[in-house]
2 protein chains.
Amino acid sequence: MRKTSPGSFPVKPRLPEVTLYRLAFYVRVLERLSREGRELVRSEELARLCGVSPAQLRKDLSYLGGFGVRGVGYQVKSLERQLKRILGRDRLWHLALAGINDLGLALLSDRRLSRMGLRFVAAFDWREEWIGRIVQEVYVYSVDQMSYIVRESEVEIGVLTVEEPPAREMARRLSEAGVRAILNLGPEPLEAPEEGIILRNADLTLPFDLLTYALS
Amino acid sequence: MRKTSPGSFPVKPRLPEVTLYRLAFYVRVLERLSREGRELVRSEELARLCGVSPAQLRKDLSYLGGFGVRGVGYQVKSLERQLKRILGRDRLWHLALAGINDLGLALLSDRRLSRMGLRFVAAFDWREEWIGRIVQEVYVYSVDQMSYIVRESEVEIGVLTVEEPPAREMARRLSEAGVRAILNLGPEPLEAPEEGIILRNADLTLPFDLLTYALS
DNA sequence: TAGTGTGAAACGGTTCACAGCG
DNA sequence: CGCTGTGAACCGTTTCACACTA
């Protein structure tokens, strides 16, 4: 089951990105089922709730090793736990927000994120009037303090919600300060400022385009 | 180039969903180039800025008919306009927000959306204390008035940012009231409440999972 | 000549159909 | 017997390499 690299080191089997994406969906639905007290679920039902085919679901899960019981189905709680572990959702992550605006404020106060183990431990801004304030229980630091605070608070993920400029500059600073990954929720795609840094562009307005296309 | 359906009616050539998604990216980068005064761009540069391969970009554009000039490149302004037309971004769309929370408020005040031609013309909530208020210049109606207001204001797209419950109920109401599409930005995937309604799930927390996976 | 447009090959993901197992 | 797990066939997307044209 486990693939080996040329040098025969065992490597994490490369999941297709789409599979990964679906895994995150499965987790959310499993959480709901779990909340509703369901103990068992069959691939057919879980697939329908997630909007995929049962074969797809079983194939996705089989990449990770069989979690189900033949003739029975999947244990909701156990599957949820396994998938979360694979997605890295079995521990706490420290986040920092770089650049404050409405969307950023909404994220800071979003209970879902902290329930998921994603905690904002700091915010950064370049505007005097924001520095030193506490918003949604998070302290706003000057950008100059970023390097120190990121190291001190063990921030691993930086979050951007602002436009370019200053998005690109903020990304560079975050990367310099030592975060390992950046989530860019701003409107414009950025490139990773440094080799080894993971940067994802996830513009909130993008799905609107898919809708307006479909409606045209 | 143009495909024909069995009955030989000309149909919009079905774009692969991934292509569509990339088109939206291209538009955003073209907007930036345009703002910066660039008139011409070659596939190699545009592709790099969008994080795809030049071959991919050219193939995507060739689905839509050749927009470029051999030996020269693409006219930034003209390509931007063409792509926007294809995505349905060449006109104004009326949106309604169903269920108010922090994320919803952030959307209402987001200038980018209105610059894109996406205008919130109404908001709906079930809580007495919200009804009748005006937030970010948008009036908050009771859910009972939805049917009337949606028709009157010609709302085509409904936007959800709330949890389930009441997300599912809100989706059903929107669909009943006559919107053609629903964007669910809430945490849990929903199914289209009715045949013919387009529903997209675009949970904001999803990209976080992809990052925590990559970092694990 | 430089860079687009595009068939054809290569790749990767999805679906199928059934073997395998509780 | 029922439902999962999975090799193999299928299908759509990406990449390649080059014909084409301003």
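Below, chain A is the first sequence line, B the second, and so on; all start at residue 1. The figures here come from the full heavy-atom set of this structure, side chains too, leaving out hydrogens, waters and symmetry mates.
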Open item on the list: Between L83(A) and L61(A), is the side chain to side chain contact (heavy atoms under 4.5 Å, CB included) condition met? List the steps.
Closed with: CA-CA 9 Å; L83(A) 295 186; L61(A) 296 182; 4.0 Å; yes
Task: Given R115(B), K77(B), R89(B), the one that forms salt bridge (charged side-chain N to carboxylate O under 4.0 Å, His left out) with E31(B) - done: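 Running salt bridge (charged side-chain N to carboxylate O under 4.0 Å, His left out) over R115(B), K77(B), R89(B) with E31(B) returns exactly one hit, R89(B).
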To the nearest angstrom, how far is [X] atom [atom1] from [N] atom [atom2]?
X	N	atom1	atom2	answer
L64(A)	dG5(D)	CG	P	10 Å
L20(B)	dT13(D)	CG	C1'	15 Å
L15(A)	dT14(C)	CG	C1'	16 Å
R42(A)	dG2(D)	CZ	P	11 Å
L79(A)	dT4(D)	CG	P	11 Å
E17(B)	dG12(D)	CD	P	15 Å
E44(B)	dT4(C)	CD	C1'	13 Å
Q75(A)	dT4(D)	CD	C1'	14 Å

- [ ] Just grab all the ring-ring contact (aromatic ring centres under 6.0 Å, His included) pairs involving residues 70-94 of chain B, residues at least two apart or on different chains.
- [x]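 Checked against ring-ring contact (aromatic ring centres under 6.0 Å, His included) - neighbours excluded - no pair reaches residues 70-94 of chain B.
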Task: Rounded distance [0.5 Å steps], CD in Q82(B) versus CG in L23(B) - done: 11.5 Å
Task: Side-chain N or O of Y74(B) closer than 4.0 Å to phosphate OP1/OP2 of dG5(C) - done: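 Checking dG5(C) against Y74(B), a side-chain N or O does come within under 4.0 Å of OP1 or OP2.
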Task: Under-4.0 Å side-chain N/O to phosphate OP1/OP2 contact, S43(A) with dT4(D) - done: yes
TODO: Go through the steps for E45(A) and R42(A) under the test salt bridge (charged side-chain N to carboxylate O under 4.0 Å, His left out), then give the verdict.
DONE: CA-CA 6 Å; E45(A) 181 183 8; R42(A) 283 171 294 115; 5.2 Å; no
Task: Side-chain donor or acceptor of S216(A) paired with backbone N/O of T212(A) under 3.5 Å - done: yes
Open item on the list: Would the distance check show the side chain of T19(A) and the main-chain N or O of L15(A) forming a donor-acceptor pair, the cut-off being under 3.5 Å?
Closed with: no
Between the protein and nucleotides 20-22 of chain C, list every N/O to N/O distance that falls short of 3.5 Å.
unit_1, atom_1, unit_2, atom_2, d
dG20(C), N3, R70(A), NH1, 3.2

Name the pairs: protein N/O against N/O of nucleotides 14-17 of chain D, kept only if under 3.5 Å.
unit_1, atom_1, unit_2, atom_2, d
dT14(D), OP1, R22(B), NH1, 2.9
dT14(D), OP2, R22(B), NH2, 2.9
dT14(D), OP2, Q56(B), OE1, 3.0
dT14(D), O5', Q56(B), OE1, 3.1
dT15(D), OP2, S53(B), OG, 3.0

Open item on the list: Go through it in stages, so that I can follow the logic: the residues are D203(B) and L185(B), the test is side chain to side chain contact (heavy atoms under 4.5 Å, CB included), and I'd like the CA-CA distance, side-chain angles, deciding distance and then a yes or no.
Closed with: CA-CA 5 Å; D203(B) 177 8; L185(B) 295 169; over 6 Å; no
- [ ] Check whether any side-chain heavy atom of L95(A) lies under 4.5 Å from a side-chain heavy atom of R119(A), and answer yes or no.
- [x] no
